[in-house]
Student: 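So that we are looking at the same thing, I have put the structure below in structure tokens.
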Amino acid sequence: MKLYIADGNPHCIKVLAVLELTGVKCEIETVSHEEKVVPHLSHPVLPILLLPNGQHLFSPNSICQYLFDKSGQKATDATNQWLEWEATHLQPALLQSLHMVALQGKRVEAAAVMREPLNWLEQNLNKKNTQFLTAEAVSVADVVLWAALYPLMSDSGFDAGELRSVRSWFECVNDLAACQTAAQKFLQGKGVEALKTFLQKHPVTHAQRRDSPTNDTEVEDAEHVMTEQEIEEAAQVWSEGLKSSSAVTEKKHPILPQEGKKNVLLTSALPYVNNVPHLGNIIGCVLSADVFGRYGRLRGWNLLFVCGTDEYGTATENKAREEGLTPQEICDKYHAIHAAIYQWFQIDFDFFGRTTTERQTEIAQDIFWRLHERGFLLEDTVEQLRCESCQRFLADRFVEGECPHCRYPEARGDQCDKCGRLINAVELRNPQCKVCKQTPVIRSSKHLFLNLPKLEDELEQWLNKSTNAGDWTANAKHITRSWLRDGLKPRCITRDLKWGTPVPHEDYKEKVFYVWFDAPIGYLSITANYTDQWEKWWKNPQQVELYNFMAKDNVPFHSVVFPCSLLGAQDNYTLVNHLIATEYLNYEDTKFSKSRGVGVFGDMAKDTGIPSDVWRFYLLYMRPEGQDSAFSWSDMALKNNSELLNNLGNFINRAGMFVSKFFDGCVPEMLLNEDDKRLIAQVCWELKQYIQLLDKVRIRDALKCILNISRHGNQYIQVNEPWKKIKGGDGDRQRAGTVTGVSVNVACLLSAVLEPYMPTVSHTIREQLQAPHICASAMLQDAGAFICTLPAGHRIGTVSPLFQKLENEQIEALRKRFGGQQTPSSSSAAVETKPSAVAAQEASQNVNADPERAKQLTALVAEQGNKVRGLKTQKAEKSVIDEEVKKLLDLKKQLSLAEGKNPEPQKGKKK
Amino acid sequence: MVVLSVHHDVREARLEDIHQSARALCVRLVSGVIKMALRELSSLERFLGLKKPNKYSTQGGKKVPVLQNNNGPALIGLVTIASHLVHEAKRPELLGDSAEQRAVVQQWLEHRVTRLDNCSKEEVKVILKDLNQYLEDKVYLAGNVFTLADILMYYGIHHIVVELAIQEKERYLNSIPKWSPLKALITAFSALVWAVLWGLTGCHVLALGQWADYQL
């Protein structure tokens, strides 16, 4: 057994004392502070006891305990407790205190640091009637604590305070011969001076929480500590008030890039026309882009926000057949539905267009020819199934047949549901057209391919630049990288369809462009429909910054495929600088599904009676930023009631009400004291965070800053109690005035930062406060400044509550109405967030499915079945039985319909 | 045909839930730690087969767990209470059979509450690296037998795993870089040790899910 110690290491005192006291035989070696005795520890630690079995003890308390154990004194609950306290509470304070005494000479401060642990010790000693800490005899706890305190307690300049019990206990232990020997041997009468070297090498680490300061995702947890200077500066800026120079520039159409301005072109992924968008679609692109757009305009950027419906493709053709309309009619109908939904959600597009326009054909064909001329297109023959009776080539989803691998008779054209293998449609045995049930024939068809491999180098160069300089979300970068890593292959850009942009080439005149090639060109053509000068946006990478918003499934089309088209066209196109992709939003415990009637779709949101702003708030609060999130009714009610009603609404309303009730609707005079300045600085800090986060498109995180501001505000009112002070003397009334004035100005700031998130509420607040128009943009300039925009004497309007409580019954009723009780295992339907190119190939199946009805019918079928069996056992008349059987069969048929199955007898019996 | 994201299968969905609840726990980290210590003690009681669950409270700014004891003064501190429970359950071997083993167990218990709890991000890396080295030639912290040290260290690390997993998931999404604190942690213990610990400590579901998540 061997003990390693170092001179001047305070932890060695206890070990030496215990060694003396217990008389355990042990070799001692003095090493330097830097000596690494234990191989498995990265930092040198001392003292170390090398056990006979080769193990190292590196905890001084464990070494002491071990030595006592060896000499027959086992640990007890009481000794354990003191040792634990010494390690977790006393040591951190001691280390800090020793630093102050030995290195900084701050003995008063050092005493303050020690006050709490020493008082604790004093109290505990007072309760004891034994001479030592745990018993009449000395224990490991006494020696460990004595040794820990020894350097400080023996320092003549250190004043520990009264602490009679601590002193008498300390003397008791100190008098032990073993302790005397150890102390003298160790400190050699030099006191804390002897510890200097050790202390210099062991700086006090301010226990830093593992999560908060650098965990950038949880902003609300990082309580910002402010310096005096910061507080003074914030108060100074606040008091200066609005400058006359700040002015709002009215939006004038057409918005075009301007020299010397930040020119932002903002797009949201084009929603596919034949679906009604659900909440996930809305938060994924249009709503997120809208928040950013509104924010950008407040910041004074010159910003254009365009979007529109993506209208070409198989799915539209199909929907048209289903509804007995032409594709154009379908597009017209659904475009209007989309536009109405986004209008209800207050999506402030500068232009909401569509892809089925003349300009689309022009621009798409121009890009096509440029790619063709520059040799970026390849020609290849593809074998496809064609249904002669329907006169069309069949997309994979429109063929069924026998699986070539497992012989399952109802395999689809792309995959077998039974064995799960991927299938090439032409490999199916006995293929059938799903529409007319005729047998299709194999036809080879010539197609054009975009030669992505040839553009790969150029793409990679551009990507490196764009992803480094711009703000790409992590998922966008990752998905793009994995596409490049897997290697790019030529991609087919033509389709044997009618509903699409025609391919202008003579050899392909029967064909149209594949939607993935065509749809992103929609951004250009929609802008072209907005202004003839669209090229100032789209062929101007020098002046324009392009932001693309989308859900993550759309990333490769925007980061790889479309940029390749534009790079290959060599026409100085503006390429994406910032690609913002969300994860998915789920619905309750499952996915949104149109076919199963699960989830809230855009057109239903307004029927819930919940205001558009509240919907926006909750969707943005839950924005799947960085990871998937889930929409939940009860959570929505909770967030509405706790954050909007009790936090935000409560604060703004109180601030306004105080002005109306106590000061006749005029903002009172404000004389700032330290508390007010601190609040102003705190609010200002949150504002700056908000701006930093939104500049980086961290929409959800920035929303938390808003809520923090009103939390600070509520606390401020709560602590200062203006409603009590107003009844007091002059000083108190003055104070009530200041607190009210500062609060109502915080409310005004809130209206500004809320504008991107809840435009109506923001507007209402400004109206209630009669706030000047320019206040929002004035406070959101540059790094952000919290200004007194409602000076003393400013008259506010009528104040009324901003939010309403969402009651439990209301929410339960909504939850029932919108489904969501389905078991996740039944989720087979397509999610609506598919990229348009993929979605285009998917027919909507099971359109009539109705799970609620199916449940009822199942019960009815069971009941009717029992009835029939009963009649049979009773040997009832045949006609009676037949009638009931007929009812049963009818019910069963309805059930299969409700389950979304085809009630017709399947294969074989047809024809 | 590109099939993006097979993200939405059931297991994934469950994991998301778990992540979310764990996130909620971490968001309120201070309170999270308190609750964790108390939950930890309850789990330990179950593991030890103690019939009557004890009532715990907390004390002071650091929210140290307190056990009100009928037979004597209250016991304060996680290690103290845990050791007490082990005695109460008549399982002293969990604290070590020999003086040497007892000292080693004691040392890791102390390590848990002094180093692991509330350490900074930078420290975590070092602590995990050291732990990895230490465990290279061992099955358990005290050598070849399972002790209270394994249980408390497991809980302490588990807490960190959850946090790191969430942070890293947010930061790096599906691809975790070559070196990360979490990777270091996962490689820190051999799979066998983890499996044994998970089997024994009862709150294995979450960790196992995470483990599988990052192993794949």
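In the text below, chain A, chain B and the rest are named by the order of the sequence lines, each starting its count at 1. Reckoned from all heavy atoms, side chains included, excluding hydrogens, waters and symmetry mates.
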Student: Quick one: what part of B/Leu109 sits under 4.5 Å from any heavy atom of chain A, side chain, backbone, both or neither?
Tutor: neither
Student: Check the pair B/Glu100 / B/Arg102 against salt bridge (Lys or Arg N to Asp or Glu O under 4.0 Å), numbers first and verdict last.
Tutor: CA-CA 5 Å; B/Glu100 283 77 20; B/Arg102 278 194 288 276; over 6 Å; no
Student: Is a side-chain donor or acceptor of B/Glu45 paired with a backbone partner of B/Leu50 at a separation under 3.5 angstrom?
Tutor: no
Student: Highest number of heavy-atom pairs under 4.5 Å with chain B: which of A/Asp77, A/Thr88, A/Asn80?
Tutor: A/Asp77
Student: Count the heavy-atom pairs under 4.5 Å between each of A/Glu84, A/Lys70, A/His43 and chain B, then report the option with the highest count.
Tutor: A/Glu84
Student: Looking at A/Ser632, is its backbone amide N or carbonyl O close enough to the side chain of A/Asp635 to form a donor-acceptor pair, meaning the two atoms are under 3.5 Å apart?
Tutor: no
Student: Can we say B/Glu40 and B/Arg112 salt-bridge, meaning some charged N sits less than 4.0 Å from an Asp/Glu carboxylate O?
Tutor: yes
Student: With a 4.5 angstrom heavy-atom cut-off, which part of B/Gln106 approaches chain A: side chain, backbone, both or neither?
Tutor: both
Student: Using 4.0 Å as the upper bound for N to carboxylate O, is an ion pair formed by B/Glu88 and B/Lys90?
Tutor: no
Student: Let me confirm one number: the CG-CG distance from B/Leu48 to B/Leu148, rounded to the nearest 0.5 Å.
Tutor: 8.0 Å
Student: Is it the backbone or the side chain of A/Pro52 that comes under 4.5 Å from a heavy atom of chain B, or both, or neither?
Tutor: side chain
Student: Among A/Ile63, A/Val38, A/Leu41, A/Asp69, who wins on heavy-atom pairs under 4.5 Å with chain B?
Tutor: A/Asp69
Student: Tell me, for A/His89 versus chain B, whether the close heavy atoms (under 4.5 Å) come from the side chain, the backbone, both or neither.
Tutor: both
Student: With only heavy atoms counted, which part of A/Lys127 is less than 4.5 Å from chain B, the side chain, the backbone, both or neither?
Tutor: neither
Student: Measure B/Ala82 against the heavy atoms of chain A and call it side chain, backbone, both or neither at under 4.5 Å.
Tutor: neither
Student: Check whether A/Leu57 gets within reach of chain B through its side chain, its backbone, both or neither, counting any heavy atom under 4.5 Å.
Tutor: both
Student: Select one option (side chain, backbone, both, neither) describing which atoms of A/Gln55 are under 4.5 Å from chain B's heavy atoms.
Tutor: side chain
Student: Name the member of B/Thr80, B/Leu78, B/Val79 that forms the most heavy-atom pairs with chain A at distances under 4.5 Å.
Tutor: B/Thr80
Student: Taking A/Asn124 for its side chain and A/Trp120 for its backbone only, find out whether a donor-acceptor pair lies under 3.5 Å.
Tutor: yes
Student: Quick one: of A/Ser482, A/Ala87, A/Ala75, A/Cys492, who has the most non-hydrogen atom pairs under 4.5 Å with chain B?
Tutor: A/Ala87
Student: Which answer fits B/Val105, side chain, backbone, both or neither, if we ask what part of it has an atom under 4.5 Å from a heavy atom of chain A?
Tutor: neither
Student: If we ignore hydrogens and angles and just use 3.5 Å, is the side chain of B/Gln107 paired with the main-chain N or O of A/Phe58 as donor and acceptor?
Tutor: yes
Student: Test your reading of the model: is there a side-chain donor-acceptor pair from A/Asp628 to the backbone of A/Tyr584, 3.5 Å cut-off?
Tutor: yes
